[in-house]
Amino acid sequence: GAVVSQHPSWVICKSGTSVKIECRSLDFQATTMFWYRQFPKQSLMLMATSNEGSKATYEQGVEKDKFLINHASLTLSTLTVTSAHPEDSSFYICSATRGGADTIYFGEGSWLTVV
Amino acid sequence: AQTVTQSQPEMSVQEAETVTLSCTYDTSESDYYLFWYKQPPSRQMILVIRQEAYKQQNATENRFSVNFQKAAKSFSLKISDSQLGDAAMYFCAYRSARRAGANSKLTFGKGITLSVRP
């Protein structure tokens with residue numbers, strides 16, 4: 001089956017710095033990628049939808065300038081948490097699809113800890 | 001907007017027995033997909049089963065089956081012969097059949113934590 005890989009799996013950064021998380025589709029071209037945030041024992045909260053070559057569509061309440069999403073190619077999307085603060089510590093998951101009714105494939109997730 | 005409701009936060013089942021996880025949803029669309037995802041402690045999202053709304057037949061995947069009631073907007077998951085490895089968080093999800101970008105997103109319920117007693 002299709003594989004989506006996230007990197008890094010774990011990252012610790014200092015408060016005030018920026019951190020980038022990558023999401024790659026390894027064996028298919030992902031026209032659409034999604035970024036989620038998940039707190040412990042809670043559901044996945046959609047942050048934004050990104051289509052290759054265009055600006056991401058952010059969900060209501062998600063700060064665009066804080067969570068920068070770039071989908072520069074059909075196999076790579078990045079989430080940059082800018083000026084990170086401890087409250088940004090969370091589990092971030094990406095998913096990707098070829099589009100249309102195609103299956104959505106999930107990455108393994110990335111743990112971000114801001115100290 | 002579509003909503004997915006999972007009202008039971010936790011359930012427990014004895015190993016080898018059967019358990020049913022409930023899910024209801026709300027939508028004005030007639031064509032859509034419904035899913036059950038499993039999230040074990042590793043946090044990897046695993047697709048358990050998928051149902052197309054236009055299909056009347058309930059989907060099955062080995063020990064997993066659904067009871068899809070379109071008129072009632074209900075989509076429950078039955079796990080038969082429960083195994084220790086079934087212990088996880090389970091999410092019900094909705095996806096529009098419309099194809100453009102953000103319309104293809106998954107809308108998740110709050111999830112239910114299933115524990116399996118040996």
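A, B, ... follow the sequence lines: proteins, then strands. Residue 1 opens every chain.
With a 4.5 Å cut-off on non-hydrogen atoms, Leu106(B) touches chain A through its backbone and its side chain both. Looking at Gln42(A), only its backbone comes within 4.5 Å of chain B, counting heavy atoms on both sides. Using a 4.5 Å cut-off between heavy atoms, Ile104(A) contacts chain B through both its backbone and its side chain. If you measure heavy-atom distances from Gln39(B) to chain A, the contacts under 4.5 Å come from the side chain alone. With a threshold of 4.5 angstrom between heavy atoms, Phe35(B) does not approach chain A through any atom at all.
Leu84(B) and Ile112(B) fall within a single hydrophobic cluster, where Ile, Leu, Val, Met, Phe, Trp and Tyr side chains are chained together by heavy-atom contacts under 4.5 Å.
From Ser30(B), atom OG reaches atom NZ of Lys70(B) across 5.5 Å, with rounding to the nearest 0.5 Å.
Classification of Glu59(A) and Lys105(B) as a salt-bridged pair holds, one side-chain N sitting under 4.0 Å from a carboxylate O.
Within the structure, the ring pair (Phe, Tyr, Trp, His ring centres under 6.0 Å) test picks out no pair touching residues 40-64 of chain B (sequence neighbours left out).
Between Phe75(B) and Tyr94(B), the gap from one ring centroid to the other reaches at least 6.0 Å.
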